[in-house]
Amino acid sequence: MRPVSGQSPSAWPQLSAQLEGWLSQAQTSKRPARAIIAPHAGYTYCGSCAAHAYKQVDPSVTRRVFILGPSHHVALSRCALSTVDLYRTPLYDLHVDQKVYGELWKTGMFERMSLQTDEDEHSIEMHLPYTAKIMESHKDDLTIVPVLVGALSESKEQEFGKLFSKYLGDPSNLFVISSDFCHWGQRFRYTYYDESQGEIYRSIENLDKMGMNIVEQLDPVPFGNYLKKYHNTICGRHPIGVLLNAATELQKNGVNMSFSFLNYAQSSQCRNWQDSSVSYAAGALVVH
C-alpha cells in the first residue's frame, strides 16, 4: 500500500479545493479525452496548467486510467509495474487494475519496480490527486494502471506503443502521459539559446512549441528527429514516444484521432545565464 507523502490530513480539503479552483478556470474543448499529456511538478508551479488537460476527461466514460511516467531515479531500459494493490491519495484510495496488470505481466516485457522506487518517483504520484479529483463522481468504478517508463530505444517505444494501442483503442480507458517540457539552465546542463527569438525565455518557448507542434502530428519519427537535433530536456519524452507509437498503430487500422495542446507555462522567465526554468504543457487526444 502506498503511503501519502508530505501532507497532513488537515491540508487535504485545501488540496481538493485548490484542484477544483484550477479546473473551474479551464475550458472544456477536447472532450472526452482518450489521452492527456500533463506536467508532474509541484502544483504551485504547474497545477493550473495541468487542469487544462484534466478538464477534457469525461468521468462518465472513463473507467480505467493508465498513468505512464518517466523514471527519474532508477536506470530502466524497459517499463516497470508497481507491486502494490492501491495508492493512497488525500482524496481517496486508487486501486490498481489487477486484471490489466496480469495481462501486461504475461507479455514478459515488464520489470517490477521496488516499493522504494515507487515511493520515490514523483512522475506518477503527482497525477494521483488530479485523477482522483476528476473521477470523483465515478470513484467506485475506477481502477488505475501505473507504468514506470524507462529510457526506451525507438524500437522499444514502438513495441510498447503497439502493446498499449489495444488499450488506447478502448473508449473506457484514459492514458495520462506524465511529462514536463524544457528544463533550462546550468543546473540542468541545458542552455540552448536561439538569439533571434529575443529573451532566453522566448527562445525556450519557441523550442518547446516546435516540439509541441510535432507531437500534435501524432507521428513518432519527426518527434525523434526533433529530440536528436535540439536535445530538448523533455523528461517524459519516452512516455510521449509510447503514446505516439500507440496512436500510429491505431491510425494504421483506420482510427481517426487528433491531439491538441491547450496550455503552456514556464516556472519563471529566464533572462540571463544564471536563471533556470521548467516548462509545462497540457494537451488532449480525442478519437473521432
Side-chain angles (χ1 to χ4, degrees), residues 30 33-40 46 49-50 52-53 56 66-72 76-79 123 127 147-165 167-169 174-184 188 190 192 194 197 203-253 255-266 278-288:
K30 297 286 167 198
R34 189 74 59 86
I36 61 173
I37 293 176
H40 54 235
C46 74
C49 175
H52 292 268
Q56 314 315 318
F66 289 72
I67 305 172
L68 273 59
S71 176
H72 285 87
L76 192 61
S77 64
R78 298 194 293 170
C79 291
S123 74
H127 288 285
V147 179
L148 189 63
V149 180
L152 306 180
S153 63
E154 284 180 2
S155 63
K156 282 235 172 75
E157 284 181 6
Q158 203 171 358
E159 282 171 37
F160 281 105
K162 208 168 194 163
L163 173 66
F164 284 120
S165 67
Y167 299 101
L168 184 63
L174 167 74
F175 276 73
V176 173
I177 305 298
S178 176
S179 185
D180 298 334
F181 270 70
C182 185
H183 296 62
W184 193 94
F188 299 118
Y190 187 76
Y192 170 85
D194 175 0
Q197 296 300 318
S203 165
I204 296 167
E205 180 173 357
N206 184 62
L207 178 70
D208 280 331
K209 291 199 167 164
M210 202 190 304
M212 289 156 66
N213 290 337
I214 291 168
V215 170
E216 287 180 343
Q217 295 169 24
L218 292 176
D219 184 344
V221 177
F223 184 60
N225 292 338
Y226 161 83
L227 291 172
K228 283 183 198 119
K229 182 173 180 182
Y230 295 102
H231 304 284
N232 192 2
T233 41
I234 300 170
C235 54
R237 57 193 172 277
H238 297 296
I240 292 171
V242 171
L243 174 69
L244 297 182
N245 277 284
T248 299
E249 194 62 28
L250 287 178
Q251 285 173 317
K252 269 191 225 162
N253 296 321
V255 179
N256 186 18
M257 55 180 74
S258 63
F259 189 96
S260 312
F261 277 101
L262 306 163
N263 190 257
Y264 175 78
Q266 294 175 351
V278 180
S279 308
Y280 314 114
L285 175 81
V286 178
V287 177
H288 305 292

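Quick note: numbers below take in every heavy atom, side chains included, and nothing from hydrogens, waters or symmetry partners.
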Dump the intermediate steps for side-chain contact (heavy atoms from CB on, under 4.5 Å) on Met210 and Tyr230, then the final yes or no.
CA-CA 10 Å; Met210 202 190 304; Tyr230 295 102; 3.5 Å; yes

Those residues that, when tested against Ser260, pass side chain to side chain donor-acceptor pair (under 3.5 Å) (two or more places apart):
none

Going by distance alone, is a donor N or O of one side chain under 3.5 Å from an acceptor N or O of the other, for Tyr192 and Ser203?
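Looking only at side-chain atoms, Ser203 and Tyr192 do not form any donor-acceptor pair under 3.5 Å.
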
Kindly give the heavy-atom pair with the smallest separation between Leu76 and Leu148, and that separation in Å.
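Answer, listing the atom of Leu76 first, then Leu148: CD2-O, 3.8 Å.
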
I need the minimum non-hydrogen distance between Leu250 and Ser165, along with the two atoms involved.
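Here Leu250 and Ser165 meet closest at CD2-O, 3.5 Å.
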
Who are the side chain to side chain contact (heavy atoms under 4.5 Å, CB included) partners of Ile214, not counting sequence neighbours?
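Counting only residues at least two positions away or on another chain, Ile214 forms a side chain to side chain contact (heavy atoms under 4.5 Å, CB included) with Gln217, Pro222, Phe223, Tyr226.
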
Below 4.5 Å, heavy atoms only, C-beta onward: do [X] and [Y] meet side chain to side chain?
| X | Y | value |
| --- | --- | --- |
| Asp194 | Leu207 | no |
| Pro70 | His238 | no |
| Tyr190 | His183 | no |

Tell me whether Asn256 contacts the main-chain N or O of His288 through its side chain, where contact means a donor paired with an acceptor under 3.5 Å.
no

So, does Ser179 use its side chain to make a donor-acceptor pair with the main chain of Gly236 at under 3.5 Å?
yes

Residues forming a ring pair (Phe, Tyr, Trp, His ring centres under 6.0 Å) with Phe261, sequence neighbours excluded:
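With sequence neighbours excluded, Phe261 shows a ring pair (Phe, Tyr, Trp, His ring centres under 6.0 Å) to Phe181, Phe259, given in chain and number order.
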
Do Asp180 and His40 pass the side-chain contact (heavy atoms from CB on, under 4.5 Å) test, and can you show the C-alpha distance, the side-chain angles, and the key distance before you say yes or no?
CA-CA 6 Å; Asp180 298 334; His40 54 235; 3.3 Å; yes

Has Glu205 got more than 12 heavy atoms of other residues, nucleotides or ligands less than 6.0 Å from its CD?
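Enclosed.
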
If you count every heavy atom of other residues, nucleotides or ligands that lies below 6.0 Å from Gln251 atom CD, does the total exceed 12?
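For Gln251, atom CD is crowded (more than 12 foreign heavy atoms under 6.0 Å).
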
Check ion pair Lys252-Glu249 (N to O, under 4.0 angstrom):
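Here Lys252 pairs with Glu249 in a salt bridge, since their nearest N and O are under 4.0 Å apart.
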
Take Leu243 and Leu168 through the side-chain contact (heavy atoms from CB on, under 4.5 Å) test and state the conclusion after the steps.
CA-CA 9 Å; Leu243 174 69; Leu168 184 63; 4.2 Å; yes

